[in-house]
Amino acid sequence: MKFPRPPHAWTLSPVQAVAVQRQLALGVRFEALSAGARWIAGLDAAFTPDRRQCVGAVVLWDREQGVAVESHVARRPLRFPYVPGLLSFREAPALLAAVRRLKQTPDVLLADGHGLAHPRRFGIACHLGVLCDLPSIGCAKSRLIGAHDEPGLRRGDRSFLYDQGETIGTVLRTREGTRPLFISVGHRADLEGAVALVLACGAGFRLPEPTRLADRLVARARAGR
DNA sequence: GCGACAG
DNA sequence: ATCTTGTCGC
């Protein structure tokens, strides 16, 4: 698929990256996520053993048939350090390269990381969604910012994530006996719809199938092929 | 100055 | 993310 808008430069200083986030955050749109979203693109990244490259993977999951219909990986040089709050500048180049290889355009992107649950309300899910101009959801395995109560112990139990008086996400238990996931809106989505979609993509594991499969794919592609 | 800190 | 053995639980 092609991107409606050309991306900005990726080789930046942390200070410049923050400026880019503040600018792009103005482009985040809020919409009701389509309840009929069928093709979900799960995204995940890893690093080569020498830590010089980032490997991005995308798995297009057909929610109707419950199967992966496309899988792609792409490698890009690692040019940015890990700085909490600037994750996308490290992983997005490889992830976008993988997304670009998709034949079918996704209905929504499911990113491994936060969306609005971010200090500047522009986590990697927002970044990917805005650049691709596609609905996106952040699905992180741990908290970056915000306060919350511990959700109930059963699958589907949830509590909200708050920061500065705003509700920035949902802490969702996707499987009993495991730590909850942090769901937040990325771009062109709503929190309720995001939570519903994550649960709809669940297959008995803590992670929703699209990102779980992308995770597996990237783990294999990391070393060799 | 002391923690917290997506992946 | 990644480095790593055994071990607790279903």
Side-chain angles (χ1 to χ4, degrees), chain A residues 10 14 17-18 20-21 24-25 28 42-59 73-99 109-130 136-148 153-155 160-164 166 168-172 174-187 191 194 198 204-208 210-224:
Chain A
W10 291 104
V18 167
V20 167
Q21 290 186 320
L24 292 181
V28 173
L43 305 163
D44 192 29
F47 309 108
T48 50
D50 61 16
R51 300 196 169 191
R52 297 171 65 79
Q53 288 185 306
C54 179
V55 182
V58 59
V59 170
V73 295
R75 293 162 178 270
R76 284 294 182 277
L78 211 41
R79 299 170 174 166
F80 205 89
Y82 171 67
V83 178
L86 298 177
L87 178 67
S88 59
F89 291 87
R90 201 168 154 74
E91 304 188 341
L95 293 174
L96 289 171
V99 168
L109 303 179
L110 236 191
D112 185 23
H114 294 99
L116 295 180
H118 176 280
R120 288 169 294 282
R121 306 291 183 262
F122 198 71
I124 190 167
C126 300
H127 206 151
L128 295 169
V130 168
S136 63
I137 295 170
C139 185
K141 298 183 293 299
S142 64
R143 184 195 73 95
L144 174 58
I145 60 163
H148 66 88
L153 304 179
R154 314 228 304 170
R155 169 178 166 79
F160 287 116
L161 220 207
Y162 304 103
D163 179 56
Q164 303 290 128
E166 293 181 75
I168 59 175
T170 292
V171 184
L172 179 68
T174 51
R175 177 179 182 171
E176 298 183 8
T178 63
R179 297 164 49 220
L181 253 30
F182 294 73
I183 312 304
S184 60
V185 165
H187 180 55
L191 192 53
V198 168
F205 297 94
R206 180 162 90 119
L207 297 180
T211 49
R212 195 179 74 84
L213 293 177
D215 200 346
R216 282 181 26 173
L217 176 58
V218 90
R220 285 196 303 100
R222 192 167 75 82

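Every chain is numbered from 1, with letters handed out A, B, ... down the list of sequences.
Distance from the side chain of A:R143 is smallest for B:dA4 among the nucleotides B:dG7, C:dT2, B:dA4.
Taking 4.0 angstrom as the limit, A:S142 places none of its side-chain polar atoms (N or O) nearer than this to OP1 or OP2 of B:dC5. OP1 or OP2 of B:dA6 has not a single side-chain nitrogen or oxygen of A:K141 nearer than 4.0 Å.
Atom P of nucleotide B:dG7 and atom CG of A:D215 are separated by 11 Å, given to the nearest angstrom. Atom CG in A:D112 sits about 6 Å away from atom P in B:dG7, given to the nearest Å. Separating the CG atom of A:L110 from the C1' atom of B:dG7 is a distance of 16 Å, rounded to the nearest angstrom. To the nearest angstrom, P of B:dA6 lies 11 Å from CZ of A:F182. When rounded to the nearest whole Å, the span between CZ of A:R90 and P of B:dC5 equals 18 Å. Atom-to-atom, NE2 of A:H127 to P of B:dG7 comes out at 18 Å; the value is rounded to the nearest Å. The interatomic distance linking A:F80 (CZ) with B:dG7 (P) rounds to 17 Å, in whole Å. Atoms NE2 (A:H114) and C1' (B:dC5) sit 11 Å apart, rounded to a whole Å.
Contacts of A:I145 with the nucleic acid, taken as non-hydrogen atoms under 4.0 Å apart, are absent. Base contact: A:L86 has a heavy atom under 4.0 Å from a base atom. Residue contacts shown for A:G85 include a base, since a base heavy atom lies under 4.0 Å away.
Stacking of A:Y82 onto the six-membered ring of B:dG7 is present: less than 5.5 angstrom between centres, less than 30° between planes.
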Practice task
Please test A:Q21 against A:L86 for side-chain contact (heavy atoms from CB on, under 4.5 Å), starting from the C-alpha separation and ending with a verdict.
Solution key: CA-CA 9 Å; A:Q21 290 186 320; A:L86 298 177; 3.5 Å; yes
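Of all heavy-atom pairs between A:V198 and A:I137, the closest is CG2-CG2, 4.5 Å. Residues A:C126 and A:G186 come closest through the heavy atom pair SG-O, 3.3 Å.
Within the 4.5 Å cutoff, the side chain of A:P180 has no heavy atoms near those of the A:L172 side chain.
Remark: the backbone N or O of A:H127 is not paired with any side-chain donor or acceptor of A:H187 at under 3.5 angstrom.
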